[in-house]
Amino acid sequence: MAEPAVPYRHPITVRYMEVDQQGVVFNAWYLAWFDDAMTGWLAYAGLGYADLLDDGHDVQLVHTEVDWVGAVGFGDEVAVQVVPAEVGSTSFTLRFTVLKAGKPVVTARTVYVCVAVDGSGKREVPARLRTILHNGIANGN
């Protein structure tokens with residue numbers, strides 16, 4: 001199972017309910033988009049989220065940093081690019097870039113910690129996921 005050479009891009013069409021009174025996507029929606037893109041990226045790389053859960057593992061978001069350099073509004077079509085950045089013993093970091101017309105408008109780094117689905121706490125990054133993360137980092141994705 002190898003991380004594909006081309007970075008994963010998760011398509012999104014902005015819904016009316018995601019836009020605030022300023023006419024732009026409300027900031028909380030970006031976190032939801034990133035989680036959705038993370039699960040899409042896993043499937044794209046050959047590890048469906050259901051498979052991760054079936055193996056007894058889940059992930060929890062523990063830290064995120066988001067920077068906005070442009071606006072996204074109702075009806076805009078964007079893509080969330082997902083690139084693995086780091087892998088530790090129990091955690092990993094993904095970089096997210098929201099692209100509008102191919103140009104970055106939002107960037108983020110999110111740290112996830114692997115946990116057991118039975119609620120017993122942190123676990124080592126499972127081998128299947130570790131391989132995907134390392135391959136993605138090695139490919140410069």
Side-chain angles (χ1 to χ4, degrees), residues 1-20 22-141:
M1 178 179 335
E3 169 70 13
V6 177
Y8 174 72
R9 291 188 177 179
H10 189 77
I12 293 172
T13 301
V14 178
R15 300 171 299 175
Y16 179 77
M17 67 183 224
E18 294 169 318
V19 177
D20 63 19
Q22 296 171 356
V24 297
V25 172
F26 180 65
N27 56 45
W29 285 106
Y30 288 96
L31 294 177
W33 290 358
F34 299 155
D35 265 0
D36 198 34
M38 181 266 296
T39 61
W41 168 75
L42 284 174
Y44 176 74
L47 179 61
Y49 204 79
D51 295 329
L52 187 67
L53 295 173
D54 288 345
D55 288 343
H57 297 91
D58 200 352
V59 298
Q60 291 180 342
L61 184 154
V62 296
H63 179 80
T64 250
E65 296 175 4
V66 184
D67 293 297
W68 285 265
V69 296
V72 177
F74 172 61
D76 285 345
E77 299 204 8
V78 298
V80 179
Q81 182 171 291
V82 181
V83 176
E86 297 173 33
V87 60
S89 59
T90 60
S91 67
F92 62 94
T93 303
L94 298 179
R95 286 192 326 258
F96 298 99
T97 304
V98 177
L99 302 162
K100 179 178 167 184
K103 297 185 184 201
V105 291
V106 177
T107 59
R109 288 178 59 88
T110 298
V111 179
Y112 295 93
V113 169
C114 293
V115 297
V117 295
D118 67 6
S120 61
K122 290 196 292 188
R123 293 289 179 261
E124 293 283 322
V125 174
R128 292 170 63 188
L129 176 56
R130 182 175 296 282
T131 297
I132 291 168
L133 291 161
H134 279 302
N135 287 338
I137 293 168
N139 288 337
N141 291 342

From Leu94 atom CG to Leu42 atom CG, the distance as rounded to the nearest 0.5 Å: 8.0 Å

Residues that Phe34 engages under ring pair (Phe, Tyr, Trp, His ring centres under 6.0 Å), provided they are two or more places apart: Phe96

Qualifying residues under side chain to side chain donor-acceptor pair (under 3.5 Å), relative to Gln81, sequence neighbours excluded: Arg9

Listed partners of Asp20 passing salt bridge (charged side-chain N to carboxylate O under 4.0 Å, His left out), at least two apart: none

Sequence neighbours excluded, every pair satisfying salt bridge (Lys or Arg N to Asp or Glu O under 4.0 Å) that has a member inside residues 105-116: Glu86-Arg109

Which atom of Arg95 lies closest to which atom of Ala85, heavy atoms considered: CG-CB, 3.9 Å

Heavy-atom check, side chain of Asn27 versus side chain of Val66, under 4.5 Å: no

Mutual orientation of the aromatic rings belonging to Tyr30 and Trp33 [parallel < 30°, tilted 30-60°, perpendicular > 60°]: perpendicular

Donor-acceptor side-chain pairing of Thr97 and Thr107 below 3.5 angstrom: no

Atom pair SG/CZ of Cys114 and Arg130 - distance to nearest 0.5 Å: 8.0 Å

Nearest heavy atoms of Arg15 and Trp29, plus distance in Å: NH2-CZ3, 3.4 Å

CZ-CG distance between Arg123 and Asp58, expressed to the nearest 0.5 angstrom: 12.5 Å

Heavy-atom closest pair, residues Val59 and Val115: N-CG2, 4.4 Å

Shortest non-hydrogen contact from Val111 toward Ser91: CG1-CB, 4.2 Å

Beyond-backbone contact of Pro84 with Ile132, side-chain heavy atoms, under 4.5 angstrom: no

With sequence neighbours excluded, residues passing ring pair (Phe, Tyr, Trp, His ring centres under 6.0 Å) with His57: none

Side-chain donor/acceptor of Asn135 to backbone N/O of Thr131, under 3.5 Å: yes

Separation of Asp55 CG from Arg128 CZ (nearest 0.5 Å): 5.0 Å

Rounded distance (nearest 0.5 Å) linking atom CG of Asp51 with atom CG of Leu129: 12.0 Å

Nearest non-hydrogen partners of Gly73 and Val19, listed with the distance: C-CG2, 4.1 Å

Thr110 side chain near Met38 side chain, heavy-atom distance below 4.5 Å: no

Qualifying ring-ring contact (aromatic ring centres under 6.0 Å, His included) pairs, either residue in residues 72-95, two or more places apart: Tyr16-Phe74, Phe92-Tyr112

Value rounded to 0.5 Å, distance of CD1 in Ile12 from CG in Leu99: 11.0 Å

Taking every non-hydrogen atom, the tightest pair across Gly88 and Val125: O-CG2, 3.8 Å

